[in-house]
Amino acid sequence: MKIQIINGPNLNLLGVREKSIYGDTSFEGYLEQLRARYPAVDIAYYQSNVEGEIINKLHETGFSYDGIVINAGAYTHTSIAIADAIAAINTPVIEVHISNVYKREEFRHHSMLAASCKGVIAGFGMDSYRLGVENFLNK
């Protein structure tokens, strides 16, 4: 099984930024744990702060991977282009968020991506990614 994880803007700063919201673990550190937990799964990782690069990665992996777990960061709430890219590919996509976006600012309560995704997982910290991976393993 091949799963692509895509992280959007500012998620390269996990472990450093707003630790009270996002914790103190870098994504690379968490990714090592995730890969160790699922050694039979090929878990690829990509992060970009650029909307078009995220779209390119969706196009690149969206016809050959078994699942995509995406945390589009702030683009979740603004990007019709990423939503369209998700709708255009064959690979199922699960939207994840580290924080519970519904306990945060009002603008974070709406996802432009959710309607094009298989499901949404929010508020379980880094474990949100594991829950996304588990869903693809248990399909």
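All values below come from the heavy atoms of this structure, side chains included, with hydrogens, waters and symmetry mates left out. This is a predicted model, so every value here is computed, not measured. Sequential numbering from 1 along the given sequence is applied to the chain's residues.
The shortest heavy-atom contact between Ala74 and Pro9 is N-CG, 4.3 Å. Summarising the geometry of Leu11 relative to Gly73, their closest heavy-atom pair is CD1-N, 4.3 Å, with the distance given to 0.1 Å. When every heavy atom of Gly62 is checked against every heavy atom of Ile89, the shortest pair comes out as O-CB, 3.4 Å. For Ile86 against Ser116, the heavy-atom pair with the smallest separation is CG2-O, 3.2 Å.
Judged as a side-chain contact (heavy atoms from CB on, under 4.5 Å), and not counting sequence neighbours, the contacts of Ala81 are Glu51, Ile55, Ser79. Applying the side chain to side chain donor-acceptor pair (under 3.5 Å) rule to Tyr46 yields no partners; only residues at least two apart in sequence or on another chain are considered. For Glu60, the salt bridge (Lys or Arg N to Asp or Glu O under 4.0 Å) partners two or more places apart in sequence, or in a different chain, are Lys57. With sequence neighbours left out, the ring-ring contact (aromatic ring centres under 6.0 Å, His included) criterion links Tyr75 to no other residue. Listed by chain and number, the residues in a side chain to side chain donor-acceptor pair (under 3.5 Å) with Asn7 are Tyr45, Tyr129 (sequence neighbours excluded). Legend: residues meeting side chain to side chain donor-acceptor pair (under 3.5 Å) with Asn49, ordered by chain and number and at least two apart, are Gln47. Shown here are the side-chain contact (heavy atoms from CB on, under 4.5 Å) partners of Glu32, two or more places apart in sequence or in another chain: there are none. Contacts of Glu53 classified as side chain to side chain donor-acceptor pair (under 3.5 Å), with partners at least two apart in sequence or in another chain: Ser48. Contacts of Asp66 classified as side-chain contact (heavy atoms from CB on, under 4.5 Å), with partners at least two apart in sequence or in another chain: Met1, Lys2, Lys139.
If you chain together hydrophobic residues whose side chains sit under 4.5 Å apart, Ile3 and Val96 fall into the same group. Under the 4.5 Å side-chain heavy-atom criterion for ILVMFWY residues, no single connected hydrophobic cluster contains both Leu113 and Val120. Placement of Ile121 and Val93 in two distinct hydrophobic clusters is found when ILVMFWY residues are connected by side-chain heavy-atom separations under 4.5 Å, directly or transitively.
Listed by first then second residue, pairs satisfying side-chain hydrogen bond (donor to acceptor under 3.5 Å, both in side chains) with a partner in residues 84-97 read Glu95-His97, Glu95-Ser111, not counting sequence neighbours.
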How far apart are the C-alpha atoms of Thr61 and Ile68, what are their side-chain angles, what is the distance that settles it, and do they pass the side chain to side chain contact (heavy atoms under 4.5 Å, CB included) test? CA-CA 8 Å; Thr61 59; Ile68 297 172; 3.6 Å; yes
Notebook entry, point to check: Stepwise, does the side chain to side chain contact (heavy atoms under 4.5 Å, CB included) test hold for Ile98 with Ser128?
Noted result: CA-CA 6 Å; Ile98 296 167; Ser128 295; 5.6 Å; no
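Under the 4.5 Å side-chain criterion, counting only non-hydrogen atoms from C-beta, Ile82 is not in contact with Thr78. Using a 4.5 Å cut-off on side-chain heavy atoms (C-beta onward), Asn71 and Ile6 make no contact. For the pair Ile70/Ile94, no side-chain contact is recorded, criterion being any heavy-atom separation below 4.5 Å from C-beta on.
Expressed to the nearest 0.5 Å, how far CD1 of Ile5 lies from CZ of Phe27 amounts to 4.0 Å.
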Without placing hydrogens or testing angles, list every side-chain donor-acceptor pair under 3.5 Å for residues 130-137, not counting sequence neighbours.
from, atom 1, to, atom 2, distance (Å)
Arg130, NE, Asp127, OD1, 2.6
Arg130, NH2, Asp127, OD2, 3.0
Glu134, OE1, Asn138, ND2, 3.4
Glu134, OE2, Tyr38, OH, 2.2
Asn135, OD1, Lys118, NZ, 2.6

